[in-house]
Structure formats: C-alpha cells, structure tokens
S.K.: 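One structure, as structure tokens, below. Some questions next.
Chain letters run A, B, ... following the sequence lines, proteins first and then strands; every chain starts at 1. All of these numbers come straight from a predicted model, not from anything done at the bench.
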Amino acid sequence: NAGVTQTPKFRILKIGQSMTLQCTQDMNHNYMYWYRQDPGMGLKLIYYSVGAGITDKGEVPNGYNVSRSTTEDFPLRLELAAPSQTSVYFCASGGINPKDQPQHFGDGTRLSIL
Amino acid sequence: DQQVKQNSPSLSVQEGRISILNCDYTNSMFDYFLWYKKYPAEGPTFLISISSIKDKNEDGRFTVFLNKSAKHLSLHIVPSQPGDSAVYFCAASASTNAGKSTFGDGTTLTVKP
C-alpha cells in the first residue's frame, strides 16, 4: 500500500532553473494538496485540487503552478527557482470529509535553491 | 494573522508521565480539529481528531479535549513513551470548506527515558 508517493526526495537547483515535483496517490482521494514547510514553521498550503481538472490557490501560490489531469497525479511546477523557495515540500491527499478521510502525506521533497 | 496557534515550540517530559500539547484557534467557523504526528524525514501522519459537537475523544493513550468557548484544544498522551518523540501539528477545518485544513506551527515533543 503505497499511499502518497513523492519524487524526488532531494534536489538542488540553481537560481532561475525550473523543475517539477511529482506526486501520485493510490487511494482514489478526490482532494490533493501541496504544502511547504520552512524551518520551525508549520505547513503552508500552496495549491490544492478538489478533483481532476480543478485546482485552486492556497496561502502561498506565487512562483508555483499545478495541474490535475488525473485523480492520481498532482505535479507541482517551479518555473523560475528563487532562494526563497528553499523548503521541504509535502504532497497530501484526502477525502471531501476529513472526518472519514483525513489527509495522508508523502514523505516530502527537500529542495535547495542556490 | 495566524488562525491556528501552537504557542509552545517544544515540550520535554519524562517517560511514563503525561504530555499535554496545546492549540488555540481564532476562526469560529472551524468545527473539526485534527492532530498529526511527524517524525524527521517523514511526512505527517494522522493521529486523532475531534468534532465540535464533542468535547473529548480518546484513542488508546491519546485523548483530545476541545473547549469551544475558549477556542482551545489540547492533546494528552498518557503514559508518554520515548517513541512519542516527534513534532505534533494541530490542524483545523470548517464544514463549509471541509477539504482544507489550517495547520499550526507544531510542537516538538521529547520524551526522555
């Protein structure tokens, strides 16, 4: 039972480079999320999706883009990497009702922008 | 303005004693609350939750208490074990936007043998 799978686990980027963080879930959850966690801080919502073809901004969307072409996949795109985007990124999936289906998280992608 | 606050960044307790982690919220629309546990190099995992229609929920050694009038909830771990050492996040959601949760900054619990 894989749950939520994130790749890569680690990445170092140069300023101005772009990359895509991959996220796949096998629990048939409608909702998917991208968070970032900066040192000593909580989880900040970047983008979320309520189903295939539907995405919406969270608290900190600037500098990121997402797409949701299937129920399973929710990639996060960084177009022009900046040092402020150095963080740990977590993908999660969950049901419409957190009472029945709380969020399940991947193990994170640690990203450094130099 | 932070809607979910965990004012204690860290907590240290002796094995076998009680651990109490606190969380405050400001948004009156929140009606469902969750606690997540996170080990280093892993993602958070769901621990326990409570609905606003209740004031207490138990699951083994873990109990969550909710005081709606004070907009405060707490997680009690009894007895604490070294394996409980982790970061604990409080999260809140509203029925009107049930798919989204707002997280606190976390409390790092250290249980000493």
S.K.: Should we count CZ of B:R61 as having more than 12 external heavy atoms under 6.0 Å?
M.R.: yes
S.K.: For the pair B:K68 (side chain) and B:S52 (backbone), establish whether a donor and an acceptor sit closer than 3.5 Å, ignoring hydrogens and angles.
M.R.: yes
S.K.: Please classify the contact of B:P9 with chain A as side chain, backbone, both or neither, using a heavy-atom distance under 4.5 Å.
M.R.: neither
S.K.: If the test is side chain to side chain contact (heavy atoms under 4.5 Å, CB included), which one of A:Y35, A:Y33, A:W34 qualifies with A:Y48?
M.R.: A:Y33
S.K.: With no hydrogens and no angle check, just 3.5 Å: does a side-chain donor-acceptor pair link B:S74 and B:N22?
M.R.: no
S.K.: With B:D55, which residues qualify under side chain to side chain contact (heavy atoms under 4.5 Å, CB included), at least two apart?
M.R.: none
S.K.: Indicate yes or no: does A:R77 engage A:E79 in a salt bridge with an N to O separation below 4.0 Å.
M.R.: yes
S.K.: Which ILVMFWY residues can you reach from A:L114 by hopping between side chains whose heavy atoms are under 4.5 Å apart?
M.R.: A:I12
S.K.: Given a strict heavy-atom distance threshold of 4.5 Å, which part of A:L45 is in contact with chain B: side chain, backbone, both, or neither?
M.R.: side chain
S.K.: Which atoms of B:S51 are under 4.5 Å from chain A, going by heavy atoms: the side chain, the backbone, both sets, or neither?
M.R.: side chain
S.K.: Taking B:H76 as the fixed residue, which of B:W35, B:F65, B:F62 is the one that meets the ring pair (Phe, Tyr, Trp, His ring centres under 6.0 Å) rule?
M.R.: B:F65
S.K.: Examine whether an atom of A:Q103 lies under 4.5 Å from a heavy atom of chain B, and if so say whether it belongs to the side chain, the backbone or both; otherwise answer neither.
M.R.: both
S.K.: Taking only residues two or more places apart in sequence, or in another chain, which ones meet A:R110 in a salt bridge (charged side-chain N to carboxylate O under 4.0 Å, His left out)?
M.R.: none
S.K.: At a 4.5 Å cut-off on heavy atoms, which part of B:Y36 comes close to chain A: side chain, backbone, both, or neither?
M.R.: side chain
S.K.: Side chain, backbone, both or neither: which part of B:A91 has an atom under 4.5 Å from a heavy atom of chain A?
M.R.: neither
S.K.: So if I take each residue of residues 80-93 of chain A and look for any heavy atom under 4.5 Å from a heavy atom in chain B, which residues do I end up with?
M.R.: A:F90
